[in-house]
Amino acid sequence: MPADIIDGNAIARQVRAELVPRIEALRQRGIQPGLAVVLVGEHPASVTYVRGKMKDSAELGIANETFRLPADASQQEIIETVERINADPAWSGFLVQTPLPAHVDTEKVLATVDPTKDVDGLHPWSQGRLLRGLPTFVPATPSGVQQLLIRSGHSPEGKHVVICGRSGLVGKPLALLLVQKAAGANATVTICHTGTSDLASMTRQADILVAAMGSARSITADMVREGAVVIDVGTNSIPDATKKSGQRLVGDVDFDAVCAKAAAITPVPGGVGPMTRAMLLVNTVLAAEGGPK
Ligand SMILES: NC(=O)c1ccc[n+]([C@@H]2O[C@H](COP(=O)([O-])OP(=O)(O)OC[C@H]3O[C@@H](n4cnc5c(N)ncnc54)[C@H](OP(=O)(O)O)[C@@H]3O)[C@@H](O)[C@H]2O)c1
């Protein structure tokens, strides 16, 4: 039987709808949530992502602004912008869009973000609290993956989750989130990466397999256990002469082949992407409510 498709657009709509009464309750207290983004340069994917974040916020009545700096802005100029936003009560949350230009020390910039406004969850304080299982802003993609699993009826509790990818943005925070002794987590987690000697022998052990590698269609059907749940975080552009743009988006999973074997799977696009966008809004509203508790 072909896999159930986990519809990220539908679940993201549900998550956004749940924010409406919370935003209304804030408004009644005279608080408007505000999301700012610092965008340095004109990296095409970043420009698209930031535009999406602004549009999503506007649709929910969240104030929003993009602080643009040129690609050759100095590290000091970027940090001064961050400090201005830190001090401005109009912004309950903000993020610095990465990647930053090569001349900038990204870690230094991220460390200047006020942790109480760190809706991207990338400040060392947020990540340390995540490690310790304390309330904190969780990066949007990992929390989106967790919500997709829970809300599609595939709770990770008691399951073996194998994550391919160990980035600070996706793989590592997702592992930390799912390994916590908490409802909607409590999984046994394995993290794989390019140093894993036999990737397929690891992925075949997964009840839930998460692909977050940035490697087009590299999880093939032989790497997936019959009946596994497969979450595809990857977004890769591949050439496609039938498209006007000459390319199309695919995930890290060989979708058609894996569909025949998995119990459930997320599509690309329409899976993790919309949830990442929705969870940033959740963090922004949470920040306006006073932060994670
Ligand atoms: N849909 C969304 O909302 C969303 C959000 C964020 C990211 N993404 C996408 O998710 C993908 C991963 O993003 P990222 O930021 O985590 O990427 P990243 O920083 O490049 O990290 C990729 C990770 O995958 C591992 N890896 C790469 N190729 C591998 C292979 N063949 N076998 C095993 N491990 C492999 C790397 O291992 P090493 O550490 O050993 O190098 C690294 O840990 C990208 O396609 C990105 O566009 C999507």
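Remember, it's 1-based here, ligands and their atoms both numbered in the order they're listed. Side-chain atoms are counted along with the backbone in the values below, which use heavy atoms only and exclude waters and symmetry mates.
- Of the candidates M213, R277, H193, the one placing a heavy atom closest to atom 30 (C) of ligand 1 is M213.
- Once rounded to the nearest 0.5 Å, the distance linking CG of D120 with CE of M279 reads 13.0 Å.
- Among T266, T235, L169, T194, the residue whose heavy atom lies nearest to atom 35 (C) of ligand 1 is T194.
- Side-chain polar atoms of Q146 and S143 form no donor-acceptor pair below 3.5 angstrom.
- Proximity to G273 (heavy-atom distance under 4.0 Å) selects the following atoms of ligand 1: 1 (N), 3 (O).
- For ligand 1 and G214, the ligand atoms under 4.0 Å from any heavy atom of the residue are 11 (C), 12 (C), 44 (C), 45 (O).
- Among G195, A212, P142, G8, the residue whose heavy atom lies nearest to atom 12 (C) of ligand 1 is A212.
- When the options L249, N236, V233 are ranked by their closest heavy atom to atom 4 (C) of ligand 1, first place goes to V233.
- Between D118 and S126, the side chains place a donor N or O and an acceptor N or O closer than 3.5 Å (distance only, hydrogens not considered).
- Between the side chains of K53 and Q97, at least one donor-acceptor pair of N or O atoms lies under 3.5 Å.
- Considering backbone and side-chain atoms alike, Y49 places every N or O at 3.5 Å or more from each N or O of ligand 1.
- In this structure, S218 has no heavy atom closer than 4.0 Å to ligand 1.
- Against a heavy-atom cut-off of under 4.0 Å, G165 is close to the following atoms of ligand 1: 23 (C), 24 (O), 25 (C), 43 (O).
- Distances shorter than 4.0 angstrom occur between a heavy atom of T141 and an atom of ligand 1.
- Inclusion of R166 in the set of residues having an N or O under 3.5 Å from an N or O of ligand 1 is warranted.
- Considering backbone and side-chain N/O of S167, one or more are found under 3.5 Å from N/O of ligand 1.
- Take T203 and apply the side-chain hydrogen bond (donor to acceptor under 3.5 Å, both in side chains) test, not counting sequence neighbours, and it matches no residue.
- Of all the heavy atoms of V268, none lies under 4.0 Å from any atom of ligand 1, so neither backbone nor side chain is involved.
- The proximity of T276 to ligand 1, defined as any non-hydrogen pair under 4.0 Å, is limited to the side chain.
- Of all the atoms in ligand 1, the ones that sit under 4.0 Å from a non-hydrogen atom of V170 are 6 (C), 7 (C), 16 (O).
- Remark: L286 CG to F137 CZ distance equals 5.0 Å, nearest 0.5 Å.
- Within the 4.0 angstrom cut-off, atom 41 (O) of ligand 1 has one or more protein heavy-atom neighbours.
- When the side chains of ILVMFWY residues are joined at heavy-atom separations under 4.5 Å, either directly or via intervening members, V258 and M223 end up in a single hydrophobic cluster.
- Under a 4.0 Å N-O distance rule, the pair K55/E59 qualifies as a salt bridge.
- For the pair N86 (side chain) and D114 (backbone), a donor-acceptor distance under 3.5 Å is present.
- By the side-chain hydrogen bond (donor to acceptor under 3.5 Å, both in side chains) test, Q14 pairs with R151, sequence neighbours left out.
- Between the CD1 atom in I85 and the CH2 atom in W91 there is a gap of 8.0 Å [rounded to 0.5 Å].
- In this structure, G171 has no heavy atom closer than 4.0 Å to ligand 1.
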